[in-house]
2 protein chains.
Amino acid sequence: MSTPGRGLHGHVLDSLGPAITGGEYPPGSVLRTDELAQHFEVSRSVMREAVRVLESMHLVESRRRVGVIVRPKCEWNVYDPQVIRWRLAGADRPHQLRSLTVLRSAVEPVAAGLAARHATAGQCAELTECALGMVANSRGHQLEGYLIHDMAFHRVILTASGNEMFARLGDVVAEVLAGRTHHEVMFEDPDPAAVTLHVQVAEAVREGDAARAEELTRQITVGALQELDILAP
Amino acid sequence: MSTPGRGLHGHVLDSLGPAITGGEYPPGSVLRTDELAQHFEVSRSVMREAVRVLESMHLVESRRRVGVIVRPKCEWNVYDPQVIRWRLAGADRPHQLRSLTVLRSAVEPVAAGLAARHATAGQCAELTECALGMVANSRGHQLEGYLIHDMAFHRVILTASGNEMFARLGDVVAEVLAGRTHHEVMFEDPDPAAVTLHVQVAEAVREGDAARAEELTRQITVGALQELDILAP
DNA sequence: CGAGGGAAAAAGTCAGACTTATATGTCACA
DNA sequence: TGTGACATATAAGTCTGACTTTTTCCCTCG
């Protein structure tokens, strides 16, 4: 996704980033630039660039005479797509997935409501197409086809909301959905009720019924929460 | 806030970052590392580190034989606190403020609901203290005192939600609230109804009434939307 | 036992040379 | 005249070595 391993410092990040987010270097750990440069067999310049990037993600802090210190998790830029990807690929995956699903449950209903007001005719058409694609792939173990349309559906909703910050969550939601299909338990066909809800959301957006689009999407996200046993007692 | 101007490359970022987010270099603009290094009177190494950071924020893309290209706004990492700060400080401010307020309206109610379930006794106490502070400063043009307690209130709610992604929005919300007091029109004392709502939210959280905390917080955020003329017709 | 000063360590900075990828222009050939 | 291969120029990428600066730690001295 996006820009992988661009240049040497990119390769270093692909190794070091996941190692940090994965807890291999616990918060408070002190790394030294020279050692890292030797370990990754790159020059200090390249290593320094990599450290700068990690620093901009608030994963580490560089201090003179001390070294590169791993920051506590609560200070990380957890919205950085790169950080999210690293965490989803590592031991933190279940925790990250729960956080993101809760975020979805907050954002997506509101986004759907806004989409009902702001969506262009083209976006409405896209949405309907996605929903139909989901229906068409909802039976007979066509999980991949279903996933593609599901991801596209949510991406269109978030984009059509007209809010740039919602729109940028498209990639994240896509990755959560992909994770559910690929890594988590998903042997059977998708829940027919969920499929119907998507179709109805597309309808509501097309008709400009914001309240209905929001409520229906809320039901979708409640389903996602229940899948992860995030209850509402 | 956080880590300003750390080192030479930090100073470069403080100039170049706002220039890019402020539209001084429109998307598609091509910058050259050597020129920039001369302009900022730093070595190429330092300039390269700065470019790497901008690249990790998806503000620019570095291509061989071409230069450093400014990416279109829709690709920026708009959740990066640094980017948010730069945009809030520039011409993009009103737009950014609206985006963030819409985000708040999605996130904060859900966060309050979760806080009602997960808040510790200490957090409940903090919350009550903040609400009382708001009441105490709600009359007689004590805007600064009111602001401090308001920011703290929302930060506690977001933290107490137990969701790391919500918690990291504390800084952002604080900056939005501060902006409203300092930059936008805020001559009079705060709306008494808003003050009451905060007190009631604190109550609801203390009593573990998630639905009520959520609904009351939704009313608070609706007020924030109305202040910016973001209607719901 | 505390304050002050010195030494060491690691990041920070700089300059210069070299490598690599790639956009672009040129020229021959169809 | 159009098209493809090839040469060239360019700017980023990389490496190395020397030097500076800050900050911690420790040792001495009062």
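Proteins come first, then strands; the chains are lettered A, B, ... in the order of their sequence lines, and each starts at number 1.
Side chain of B:H182 to main chain of B:A178: a donor-acceptor pair is present (N/O by atom type, distance under 3.5 Å, no hydrogens or angles). The backbone N or O of B:R71 sits less than 3.5 Å from a side-chain atom of B:W76, completing a donor-acceptor pair. Using modelled atom types, no side-chain atom of A:E75 and backbone atom of A:P72 make a donor-acceptor pair closer than 3.5 Å.
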Write out a two-atom table: protein N or O, nucleotide N or O from nucleotides 5-11 of chain D, distance below 3.5 Å.
unit_1	atom_1	unit_2	atom_2	d
D:dA9	N3	B:R65	NH1	2.9

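One finds no salt bridge joining A:E49 and A:R52 here, because no Lys/Arg side-chain nitrogen approaches an Asp/Glu carboxylate oxygen to under 4.0 Å.
The aromatic rings of B:Y79 and A:Y79 lie parallel to each other, with less than 30° between the two planes, well short of the 60° mark.
Applying the side chain to side chain donor-acceptor pair (under 3.5 Å) test to A:R104 and every residue at least two apart in sequence or in another chain returns A:E108.
Going from atom CE of A:M47 over to atom P of C:dA10 covers 15 Å, rounded to whole Å. Whole-Å rounding puts the A:F40 CZ to D:dC15 C1' distance at 18 Å. Distance CD (B:E49) to P (C:dG12): 8 Å, rounded to an integer number of Å. A:R48 has its CZ atom 16 Å from the C1' atom of D:dG13, to the nearest Å. One can place CZ of A:R44 at 16 Å from P of C:dA15, the figure rounded to the nearest angstrom. What separates CD of A:E61 from C1' of C:dG12 is a distance of 15 Å, to the nearest Å. In this structure, A:E41 places its CD atom 17 Å from C1' of D:dT16, rounding to the nearest Å. Taking atom CG of A:L8 as the reference point, atom P of D:dT16 lies 12 Å away to the nearest angstrom.
The phosphate of C:dG12 (OP1 or OP2) has a side-chain N or O of A:R52 nearer than 4.0 angstrom.
Listed nucleotides C:dC14, C:dG16, C:dG12 differ in distance to B:V46; the shortest reach to its side chain belongs to C:dC14. Listed candidates were C:dC14, D:dG17, C:dG12. Nearest to the side chain of A:S62 is C:dG12.
Using modelled atom types and a 3.5 Å distance limit, the side chains of B:R168 and A:N77 yield a donor-acceptor pair.
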